[in-house]
Amino acid sequence: MRLTNVSHLRLPFGRLIGYDVAVGTPGRPLPVSFDQQRHVGAGDRPGSWMALSFALPRRVEREDLAAAWLSVIARHGTLRSVFSPAPEGRADAAPLLHELEIGPGAWREHAIGPGQAVEEALRQVLDAHCRPFARPAHRLCALETADATTVVIGVDHAHVDMWSMLVIGRDLLARLAARGAAPAPQELPEPVPSFAEHTAQLAGRPPAPAEVRRRWAEVLAASGEVMPRFPLPLGEAASQPERVEVRDVLDADDSAAFAAEARASGASTLALTVSAMTEVTRELADAPLRAVFPVHSRHEARWHVSVGWFITNSVLESTDPAPTACAAAITEAIRLGSWPLAEVLEPWGGMPEAPGMFAISWLDLRRLPVRFDSAGLGAQYVSAAIRTDGVMLWFILDDAGLHLRCRYPDTPQARDGVGSWLDALVARMRRRARESAGDVLRCGGRSYRIQRAAREDVPAIRALLVDDEIGRTREGGDDAAEYEAAYDRVAQDRAHYLAVVRDEAGAVVGTMQLTILPGLSRQGSARLQIEAVRVARSERSRGLGSAMFAWAHEHGRARGARLAQLTTDLGREEARAFYARLGYVESHAGLKRPL
């Protein structure tokens, strides 16, 4: 699921509506967390929200959507709480948090002006309703078209984190499903503890040990007694209009290869990513990697389906790019962020923020206990459009691959510095994926590397297709452009994986095309179609073909395929015997005809 910005969001044109809930007077006071106090203490302002957008498969009645939303609000206490400013005349006082009664309300249409983009109209709505002191600080919006409803849920950051937005989306879908208005996700457990309970529990923890306070002091001292800053110039140290870059770093295949490389290095995908960032920072800035590093505090299972700001900030210092050293740096950062920060940061008068602050956030959606069909619903995390003086980098890892979004000041210096840093980081991560140990085939005492084919591999693939007793009768010809055009069509559809196998010298000695075929038969299971398998004559009888098939089967399993299938010419007796040894059964008659 990609993380985007409201200005980059692409929404259908339709009627933009928002749901006005009825609110009572603030009730009993609730405890305020360190990060909530810091966020709300900056005052009431637009652009402090985060949102989740997803498209329902059909149009939903407004009454069903409103009822589902009210059920979600009733389930999560933080959605029934509001902040108010500190009492006047009390300079040392903190903002107050109270319970709030919320009841049924009414839909309101938000006008989209002539020439105004839908995304801009939505931004104005969320900026107005999802503010620190709004009552409530959240907004359910919908875009209605003739045949579909796109839902956008915005909440001020004081009440949610990115994990929480998934919980809210999943719960809304469950309530809609109960009314027959949406596909049913997993069952919802009851009851849900509130974030206020978590805040009280964290406040009751003992003070951080001396070693934790010492390491905080060391990292802050190395950063100039402030939170870590981006190591390259950003221009004038003042808030600037933001520049937002969204990049798809690794697709699903390269992400799997990158993860395999991390395992071979004795580290996690995150640690290998930190390794790449450490190398790039050292090369471009001649400095170690230091950054603010958000960590979650949902360590107990009872908080996994709660809504709140279960995130606090830590600091990450990585001086050694070795993956195992980076893993140790991450472990230390998690430990540094696992204690009440008010006491840890008291010597600095709170969190010592400064222009240029550099933060790195990581979220692996595949590991969360809360999931829904983000791909099928076109779900996206959405952030506000703001002014900024720092650099914030988010990584999202999901079944589609690894994505990043980076926000930084839109100055010439920042475009050059941050842009160059991102370019070098993405290039390094992609290179590590291409060199992954997970894509090495070992057989016959030799090592081969299997990779997704590049356009420059087309002549070598064509040569393998021609060098075959049947292929030579139907391949060949002098028009290489036909093969290159065919390659472009295959490469544009990520359901296809056109593979090449390279020997130790990098020469292409094998190829095959893998395709994941979704379908409704066999209880909706996907199939792995294997086509055009070729091994160079010089490499046959070494076990390479068997190794290629073993890799192909794992490729299919990782993408949900429960059946592998192929076709072969009846005249290929040796090939048919080979497939039988691999467990393939001639259970079906394959029929073909020219078109």
Task: Asp35: partners by side chain to side chain donor-acceptor pair (under 3.5 Å), with sequence neighbours left out - done: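 Arg38, Thr312.
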Open item on the list: If the threshold is 4.0 Å, N to carboxylate O, is there a salt bridge linking Arg45 and Asp156?
Closed with: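 Between Asp156 and Arg45 there is no salt bridge, as every charged N stays at least 4.0 Å from the carboxylate O atoms.
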Open item on the list: Check this for me: does any side-chain nitrogen of one of Asp20 and Arg139 sit under 4.0 Å from a carboxylate oxygen of the other?
Closed with: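 So Asp20 pairs with Arg139 through a salt bridge.
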Task: Check: Asp423/Ser420 side-chain N/O donor and acceptor closer than 3.5 Å - done: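 Not at all, the side chains of Asp423 and Ser420 share no donor-acceptor pair under 3.5 Å.
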Task: Test item: side-chain donor near acceptor, Gln201 and Glu197, under 3.5 Å - done: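 No donor-acceptor contact under 3.5 Å links the two side chains.
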Taking the six-membered ring for Trp, are [X] and [Y] parallel (under 30°), tilted (30 to 60°) or perpendicular (over 60°)?
{"X": "Phe358", "Y": "Trp421", "result": "perpendicular"}
{"X": "His159", "Y": "Phe83", "result": "tilted"}
{"X": "Phe310", "Y": "Trp303", "result": "tilted"}

Task: Criterion side-chain hydrogen bond (donor to acceptor under 3.5 Å, both in side chains) on His198 and Ser297, from CA distance to verdict - done: CA-CA 9 Å; His198 179 273; Ser297 55; 3.1 Å; yes
Open item on the list: Using the ring centroid of each side chain, check whether His76 and Phe195 are separated by less than 6.0 Å.
Closed with: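 No, the ring of His76 stays outside the 6.0 Å limit from the ring of Phe195, centre to centre.
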- [ ] Assert yes or no for the condition that the ring centre distance of Trp163 to His304 is strictly below 6.0 Å.
- [x]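 Yes: the rings meet the under 6.0 Å criterion.
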TODO: May I ask you to check if Arg205 and Trp339 form a cation-pi contact, with NZ or CZ under 6.0 angstrom from the six-membered ring centre and within 45° of the axis?
DONE: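 Output yes; distance and angle both within limits.
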